[in-house]
Visitor: 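Handing you this structure, nothing more for now.
Protein chains get the first letters and strands the later ones, always in sequence-line order, with residue 1 at the start of each.
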Number of protein chains: 2
Amino acid sequence: MQTLNILIADDHPIFLKGLKEVIETEEECKVVMQAVNGQEAVFALKTNRIDVAVLDIDMPRMNGLEAAQKMLEFQPQLPILLLTMHKERAPFMKALEIGIAGYVLKENAVTDVVNAIYAVVQGGNYISPEMSAYLLRKPAKTIKPVPDDKLSLLTSSERQILQKISMYKSSREIADELFISEKTVFNHRMNISKKLNLTGKNSLLRFAIEHVSTPDT
Amino acid sequence: MQTLNILIADDHPIFLKGLKEVIETEEECKVVMQAVNGQEAVFALKTNRIDVAVLDIDMPRMNGLEAAQKMLEFQPQLPILLLTMHKERAPFMKALEIGIAGYVLKENAVTDVVNAIYAVVQGGNYISPEMSAYLLRKPAKTIKPVPDDKLSLLTSSERQILQKISMYKSSREIADELFISEKTVFNHRMNISKKLNLTGKNSLLRFAIEHVSTPDT
DNA sequence: TAAAATATGGGTAGTACTACCTATAAAAAT
DNA sequence: ATTTTTATAGGTAGTACTACCCATATTTTA
């Protein structure tokens, strides 16, 4: 295998330096570009031949996810490795959408990055074992902590209206669909809000979006 | 280990029968409920003690994902195994959100289901190797071909505001956070809406929720 | 059977956002 | 150097929803 040209990006200079040294422990790996934010990384890609990009997710100006997206638009086959401090679900999902080749936790970086790099340059993929273990753990309920408990307080009419609210329908539309007065819909909304202790403008819409299972998305 | 009470659901009776026999090859496994659609499966759960649920995704009346969601509302710790014919990204992402314990391709079902069942009842997880391999392959661009196109029309100020909108913040709150006039926020909102061809009450909020990656949920 | 919850609808006031208008200064693009 | 875009902010009108008030008929619960 010939030498791998590697781009790394992280907003913490010390981590960046450490990362570079860990990577260059390998004979075949050479860090040819270092960026301190996403914008720099994207720009750097356009001015160099890069075989692998290793990006931190949490960066100012442009985060790793955005940067990765831009980089893949420019060089679709580029294997990108994302580094992150946090075991969070949302950014990982985003990374899946974008088409990231590897996802490594910073805490495991020293042991994982090199393995990950070799995995992705060969067209494979790599996810930190701790991350994948976390991802499929139960608490995907972060969004809905008390789902049925609260929903069971509602009557079927109220549930029906909540369901239509979750589809971004206006009270006028709901009224027309159910052949009732718009006023009745308002009253139902108020009753639902009171039962669920919701106040303020979009609180009911928000609850509906987060708690009502939409038939098909 | 004592006998596992298993619920299976699939709309094809022949597959259902085959699945049952494959599962019951194991001494410890007993299929105590069979459902031909999601609704039945959810109902069945409420009338029986179930240790593991194995659901097909593509079912009439209520699909496996919806059914799984309902079932977890009722019995949050239930290990659910989803079966699917297709290596698609979207339903898998949905499954991740819901909190599914295992994801098995039908083509590998015979060899995988039993392993998967044992994995999930022990609190672990299981994904068909072919599926996980596919997920991290390049062409994630097939799903959202023009996502960034639209977002890239926006200026950074507009993006910042969009991000705050997605967090259900009011224009007043956004204005205070950015030390600008509420009026300016309104103007930005209008400009964003015009750029994205959005009209009507909650269309901007909807767009924000659906297109802006929220930092941590 | 009496009381409570539910579904229906009306009134009034206030808030938040949309949808248009205008305007100015700074920055970016041509 | 001129034009365009961006960010700022104000005005006005209308719409949609919230948050209260009220009433009545039906259904459910106690």
Side-chain angles (χ1 to χ4, degrees), chain A residues 39-40 42-43 46 60-62 66 70 148-212, chain B residues 148-212:
Chain A
Q39 275 186 350
E40 269 193 37
V42 175
F43 191 75
K46 299 184 179 177
R61 297 193 69 77
M62 188 189 286
E66 294 172 291
K70 292 243 182 296
D148 213 41
D149 287 16
K150 288 193 172 182
L151 279 178
S152 65
L153 292 173
L154 304 181
T155 67
S156 54
S157 311
E158 288 165 349
R159 260 190 284 265
Q160 183 168 42
I161 285 177
L162 196 65
Q163 197 265 323
K164 290 180 185 295
I165 290 174
S166 78
M167 298 169 74
Y168 295 88
K169 288 179 178 170
S170 70
S171 294
R172 178 73 266 152
E173 290 171 320
I174 296 172
D176 290 344
E177 288 180 17
L178 300 179
F179 301 103
I180 56 178
S181 159
E182 189 185 18
K183 207 69 235 264
T184 304
V185 178
F186 285 151
N187 286 332
H188 279 306
R189 296 179 79 126
M190 278 307 295
N191 290 332
I192 297 170
S193 292
K194 279 178 181 166
K195 285 184 180 177
L196 303 175
N197 293 314
L198 300 173
T199 53
K201 265 278 129 172
N202 287 313
S203 56
L204 186 56
L205 176 60
R206 177 177 197 165
F207 181 89
I209 292 169
E210 292 175 353
H211 293 79
V212 177
Chain B
D148 214 41
D149 285 20
K150 286 195 170 182
L151 280 177
S152 66
L153 292 173
L154 305 180
T155 68
S156 55
S157 312
E158 288 165 348
R159 261 190 284 266
Q160 184 168 40
I161 285 176
L162 197 64
Q163 197 264 323
K164 290 179 186 294
I165 289 173
S166 78
M167 297 170 75
Y168 295 91
K169 288 177 179 170
S170 70
S171 295
R172 178 74 266 153
E173 290 172 319
I174 296 172
D176 290 344
E177 286 179 19
L178 301 180
F179 302 103
I180 56 178
S181 158
E182 188 184 19
K183 207 71 233 246
T184 303
V185 179
F186 286 152
N187 286 333
H188 279 304
R189 296 180 78 126
M190 279 307 294
N191 289 332
I192 297 169
S193 293
K194 278 179 181 166
K195 284 184 181 178
L196 303 175
N197 292 314
L198 300 173
T199 54
K201 266 280 129 170
N202 288 312
S203 56
L204 185 55
L205 175 61
R206 179 177 195 163
F207 181 90
I209 292 170
E210 292 174 353
H211 292 80
V212 177

Visitor: Looking at B/S157, does any N or O in its side chain come under 4.0 Å of the phosphate oxygens OP1/OP2 on D/dT6?
Guide: no
Visitor: Nearest to the side chain of A/F186 - D/dT18, D/dA9, C/dA7?
Guide: D/dT18
Visitor: What is the separation between atom NZ on B/K164 and atom C1' on C/dC17, rounded to the nearest whole Å?
Guide: 19 Å
Visitor: Quick one: is A/R172 getting a side-chain N or O under 4.0 Å of the D/dA16 phosphate, OP1 or OP2?
Guide: no
Visitor: What does A/S203 touch in the nucleic acid at a heavy-atom separation under 4.0 angstrom: a base, only the sugar-phosphate, or nothing?
Guide: nothing
Visitor: Of the nucleotides D/dT18, D/dA7, D/dC17, which has the atom closest to the A/L204 side chain?
Guide: D/dT18
Visitor: Does any part of the side chain of B/S157, heavy atoms only, come nearer than 4.5 Å to the side chain of B/H188, both counted from C-beta?
Guide: yes
Visitor: C/dA16 P sits how many Å from A/R206 CZ, rounded?
Guide: 16 Å
Visitor: Without decimals, in angstroms, what is the distance between B/E158 CD and D/dT8 P?
Guide: 10 Å
Visitor: Side-chain N or O of B/K169 versus OP1/OP2 of C/dC17: is the shortest distance under 4.0 Å?
Guide: no
Visitor: How long is the span from the CG atom in A/L205 to the OH atom in A/Y168, to the nearest 0.5 Å?
Guide: 6.0 Å
Visitor: So do A/L162 and A/L204 actually touch side chain to side chain, heavy atoms under 4.5 Å?
Guide: yes
Visitor: How long is the line joining NE2 of A/H188 and C1' of D/dA19, in whole Å?
Guide: 17 Å
Visitor: For the pair made of CG in A/N191 and P in D/dC17, what is the distance, rounded to whole Å?
Guide: 16 Å
Visitor: May I ask you to verify if any side-chain N or O of A/S171 is less than 4.0 angstrom from the OP1 or OP2 atom of D/dC17?
Guide: yes
Visitor: Please determine whether a side-chain nitrogen or oxygen atom of B/S181 lies at a distance below 4.0 Å from atom OP1 or OP2 of D/dG10.
Guide: yes
Visitor: Within the 4.0 Å heavy-atom criterion, would you say A/T184 contacts the bases, only the backbone, or no part of the nucleic acid?
Guide: base
Visitor: Remember a base hit wins even if backbone is also touched, and classify A/S193 as base, sugar-phosphate or nothing at under 4.0 Å, heavy atoms.
Guide: nothing
Visitor: Separation of B/M190 atom CE from D/dT6 atom P, in whole Å?
Guide: 16 Å
Visitor: What integer distance in Å separates A/I161:CD1 from C/dT6:C1'?
Guide: 12 Å
Visitor: For B/N202 and for A/K194, locate the closest nucleotide of DNA chain D by heavy-atom distance; then report the residue assigned to the nucleotide nearer the 5' terminus.
Guide: B/N202
Visitor: Between B/K201 and B/K183, which residue's closest nucleotide on DNA chain D lies nearer the 5′ terminus?
Guide: B/K183
Visitor: So, is A/K195 close to the C/dA5 phosphate, meaning a side-chain N or O under 4.0 Å from OP1 or OP2?
Guide: no
Visitor: Of the nucleotides C/dC17, D/dA9, C/dA7, which one has an atom closest to the side chain of B/R189?
Guide: C/dC17
Visitor: Heavy atoms, side chains only, cut-off 4.5 Å: are B/K201 and A/S170 in contact?
Guide: no
Visitor: With sugar-phosphate meaning primed atoms plus P, OP1 and OP2, does A/L205 contact a base, only sugar-phosphate, or nothing at under 4.0 Å between heavy atoms?
Guide: nothing
Visitor: Applying a 4.0 Å non-hydrogen cut-off, can you work out what B/N187 is touching in the nucleic acid: base, sugar-phosphate, or nothing?
Guide: base
Visitor: Quick check: closest heavy atoms across B/G200 and B/S203, and the distance to 0.1 Å?
Guide: O-OG, 3.0 Å
Visitor: Do A/E177 and A/V185 come close enough that some side-chain heavy atom pair is under 4.5 Å?
Guide: no
Visitor: Nearest whole Å is fine: how far is C/dG9 P from A/E182 CD?
Guide: 12 Å
